[in-house]
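In what follows, chains carry the letters A, B, and so on, assigned in the order in which the sequence lines appear, proteins first and then strands, with residues in each chain numbered from 1. All heavy atoms count here, side chains included; hydrogens, waters and symmetry mates do not.
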Amino acid sequence: GAGVSQSPRYKVAKRGQDVALRCDPISGHVSLFWYQQALGQGPEFLTYFQNEAQLDKSGLPSDRFFAERPEGSVSTLKIQRTQQEDSAVYLCASSLGGARGYTFGSGTRLTVV
Amino acid sequence: DAKTTQPPSMDCAEGRAANLPCNHSTISGNEYVYWYRQIHSQGPQYIIHGLKNNETNEMASLIITEDRKSSTLILPHATLRDTAVYYCIVSKGGSQGNLIFGKGTKLSVKP
């Protein structure tokens, strides 16, 4: 597609529930990033993929967070046993690599109740 | 922590040039200066980036000082749709290109 697509756009989860957030990057984009954005704050880095390889997961806040990109295209961010502090907008970005700018999706707003 | 310093907010009159400053005094030689903006309820949008030379595209111009310790993003004719939070980021790009966002500058374009 023309842009980065994320689904669902909104997700409400009960505390303790597992959730899966999907990102469809721009076709051919090698690099894929996940960010978390709390209300009123700038986005914070979670993890980075180059093709199917997860090269950096230093930003994942706990072992409840897991991301994958098995075929080097679509990526899924999974959060197990969600907690209220996980409430945020989760942003996905992709890039052709190098010094090029990233294209961000519109994000998934997760609300844990 | 973000390696840039930006004013928290700025106002600009519609049709006038908006000049957004950014300090990045600790930038290293292989780091680029990137600008993104985020309109309410949308993901960040890439605007422009540069290494040493000034850059211009259809959206904006980027002026980088000779010592590279500061830069200015210029929107030549601001419109109401340019109201957004503008982020100045320094990054090496590529596989080391994790972007570290600060708080940015909230630009309000007023009629």
Side-chain angles (χ1 to χ4, degrees), chain A residues 2-7 9-10 21 23-26 29-60 67 77 88-109 111, chain B residues 1-9 22 27-53 55-60 62 64 73 84-107:
Chain A
V4 176
S5 178
Q6 292 188 247
S7 61
R9 186 76 173 90
Y10 302 93
L21 312 179
C23 173
D24 281 88
I26 294 174
H29 276 198
V30 170
S31 301
L32 186 145
F33 298 81
W34 283 98
Y35 283 80
Q36 179 190 59
Q37 186 170 26
L39 190 64
Q41 303 296 317
E44 293 193 358
F45 170 77
L46 293 177
T47 187
Y48 161 64
F49 289 86
Q50 185 171 307
N51 295 307
E52 69 278 4
Q54 189 174 19
L55 298 186
D56 188 349
K57 51 182 181 179
S58 62
L60 296 176
L77 176 67
V89 175
Y90 291 86
L91 295 160
C92 175
S94 71
S95 170
L96 280 169
R100 298 173 183 86
Y102 305 164
T103 301
F104 281 81
S106 296
T108 294
R109 180 176 296 278
T111 303
Chain B
D1 292 337
K3 294 187 286 185
T4 62
T5 304
Q6 299 177 253
S9 64
C22 180
I27 191 170
S28 59
N30 60 352
E31 286 183 315
Y32 295 81
V33 180
Y34 290 86
W35 283 84
Y36 285 77
R37 72 180 183 184
Q38 189 169 24
I39 296 169
H40 185 60
S41 296
Q42 297 182 21
Q45 177 189 23
Y46 165 78
I47 302 173
I48 199 167
H49 77 281
L51 185 63
K52 296 180 181 178
N53 300 321
E55 302 288 344
T56 295
N57 63 19
E58 65 278 4
M59 291 183 68
L62 173 61
I64 303 174
L73 179 74
V85 177
Y86 287 76
Y87 295 100
C88 169
I89 301 165
V90 295
S91 174
K92 295 177 182 176
S95 61
Q96 301 175 75
N98 166 22
L99 302 176
I100 299 176
F101 289 80
K103 295 188 181 297
T105 295
K106 168 67 174 173
L107 175 69

Trainee: Give me the ring orientation class for B:Y34 and B:H49: parallel if the planes are under 30° apart, tilted from 30 to 60°, perpendicular past 60°.
Mentor: parallel
Trainee: Do A:Q6 side-chain atoms and A:Y90 backbone N/O form a donor-acceptor pair below 3.5 Å?
Mentor: yes
Trainee: Between OH of B:Y86 and NZ of B:K106, what distance do you get to the nearest 0.5 Å?
Mentor: 9.5 Å
Trainee: Side chain, backbone, both or neither: which part of B:Q38 has a heavy atom under 4.5 Å from chain A?
Mentor: side chain
Trainee: Could you tell me which portion of A:E44 (side chain, backbone, both or neither) has an atom closer than 4.5 angstrom to a non-hydrogen atom of chain B?
Mentor: neither
Trainee: Can you label the angle between the A:F45 ring and the A:F33 ring as parallel, tilted or perpendicular, going by 30° and 60°?
Mentor: perpendicular
Trainee: Which residue out of A:P43, A:S106, A:G42, A:G107 racks up the most heavy-atom pairs below 4.5 Å with chain B?
Mentor: A:P43
